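These notes concern the structure reproduced below.
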Amino acid sequence: MSGGVRAERTAGDAHRCGLVAIVGRPNVGKSTYLNAAVGHKISITSRKPQTTRYRVLGVRTTDRAQIVYVDTPGFQARPRRRLNSAMHREIQRALDGVDLILLFVEASRWTAEDEAACRRVTGGAAPVILVVNKIDRLHRRDELLPYLEAASGHARFAEIVPISARLKINVERLESCIVALLPEGAALFPADQLTDRSERFLAAEMIREKLMRMLGDELPYSVSVMTEEFEERDNLIRIGATIWVERDAQKPIVIGERGGRLKMMASLARRDLEGLFGRPVHLRTWVKLKERWADDARALRRLGFEP
Ligand SMILES: Nc1nc2c(ncn2[C@@H]2O[C@H](COP(=O)(O)OP(=O)(O)OP(=O)(O)O)[C@@H](O)[C@H]2O)c(=O)[nH]1
Ligand SMILES: [Mg+2]
């Protein structure tokens, strides 16, 4: 081989590449970590559980490795609606054939759902790293050690790594642990590719994130977003998206007084999308009634869930 990075490597540090699933109960910070690890906002986040509904790939490429992360919906012990079952299947698909699993929990808590997620992912072929997130929330540093000791009793983990995804504490250390456990192999994606998801998908998700963040506690679970138009012309991206609600009474809540709330959400989403695409975006949104979409197999297929 002539020159280049590869020739300079010694035998001990061959290029590594693999699929790494990010799994855990809702709201533990899985998507926040994905974005921190990749360095771009690819997966949406919010304070409310069940923000992520789809598998989302995030690719982190360095000169010695490529980590292909798969973010997943939060693991729920009992899926209720068809939508939740579809989300469960997304987790299942993410786990198929992965090289490594990151099980996310929150520092100082181990709930029944954490336990269920732990049982689901351990005992398979892939090694599991327990990631203890949100350590910045601990009031005292000496709370961490007993928690880590107790956690190590729950299953056999390849590593236990405490981090703060939000403050990016120990994220590099976690990355080194991941790379050490990946198989040798060539990169799966070009170095500049960040995700497998289309721009249409990302547009719908950024809008849904604002709905998750700005609507009250129940309503976010009743809305879905579909990109209907996506057109690039003269350095401008024109996007048209429909927001589905389940009941007529939900429309005015999403739209807000004189359209104020919808305008605000669209404007925040537009700013995110301009950051992501690096070009000006023109965004139009409509709110439509689609009764019981979350229990409707056809509607879920249109929203991109595989049957
Ligand atoms: N204090 C603190 N908050 C965090 C940290 N990581 C994530 N969060 C917050 O926790 C909340 C949930 O984060 P997400 O990344 O959406 O969690 P998730 O696990 O992807 O949630 P689902 O998609 O619903 O399963 C958000 O408000 C984040 O800002 C952290 O390290 N410290
Ligand atoms: Mg998430």
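As the structure lists them, so they are numbered: ligands from 1, and atoms in each ligand from 1. As the structure is a prediction and not an experimental result, all values here were calculated from the model. Basis for what follows: all heavy atoms, side chains included, without hydrogens, waters or symmetry-related copies.
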Would you say [X] has any N or O atom under 3.5 Å from an N or O of ligand 1, going by distance alone?
X: T45; answer: no
X: R166; answer: yes
X: I163; answer: no
X: G29; answer: yes

Has [X] got more than 12 heavy atoms of other residues, nucleotides or ligands less than 6.0 Å from its [atom1]?
X: E172; atom1: CD; answer: no
X: R279; atom1: CZ; answer: yes
X: E257; atom1: CD; answer: no
X: E291; atom1: CD; answer: no

Have a look at ligand 1 and work out which part of [X], if any, has a heavy atom under 4.0 Å from it: side chain, backbone, both or neither.
X: S164; answer: both
X: S46; answer: backbone
X: D136; answer: side chain
X: L167; answer: neither

Taking all heavy atoms of [X] and all of [Y], pick out the closest pair and write down the distance.
X: L283; Y: A269; value: CD2-CB, 4.1 Å
X: G18; Y: D99; value: CA-OD2, 3.2 Å
X: R292; Y: E246; value: CA-OE2, 4.0 Å

Between [Y] and [X], do the side chains contain a donor N or O and an acceptor N or O under 3.5 Å apart?
X: S224; Y: R53; value: yes
X: E106; Y: N27; value: no
X: S222; Y: Q250; value: yes
X: T45; Y: R213; value: yes

Do NZ/NE/NH1/NH2 and the carboxylate oxygens of [X] and [Y] come within less than 4.0 Å?
X: E306; Y: R301; value: no
X: R238; Y: E232; value: no
X: R140; Y: D142; value: yes
X: R109; Y: D114; value: no

Any atoms of ligand 1 less than 4.0 Å from a non-hydrogen atom of [X]? List them with their elements.
X: R137; answer: 1 (N)
X: P49; answer: 24 (O)
X: Q50; answer: 24 (O)
X: K30; answer: 15 (O), 17 (O), 18 (P), 19 (O), 20 (O), 21 (O), 22 (P), 25 (O)
X: G74; answer: 25 (O)

In the protein, which heavy atom is nearest to [atom], and how far is it?
atom: atom 7 (C) of ligand 1; result: T32 OG1, 3.4 Å
atom: atom 21 (O) of ligand 1; result: N27 N, 2.9 Å
atom: atom 4 (C) of ligand 1; result: K134 CE, 3.7 Å
atom: atom 6 (N) of ligand 1; result: N133 ND2, 3.2 Å

Query raised in the report: Counting heavy atoms only, which of G24, S31, A36 is nearest atom 20 (O) of ligand 1?
Result: S31

Query raised in the report: Which atoms of the protein, restricted to N, O or S, are nearer than 2.8 Å to the Mg ion (ligand 2)?
Result: S31 OG, T52 OG1

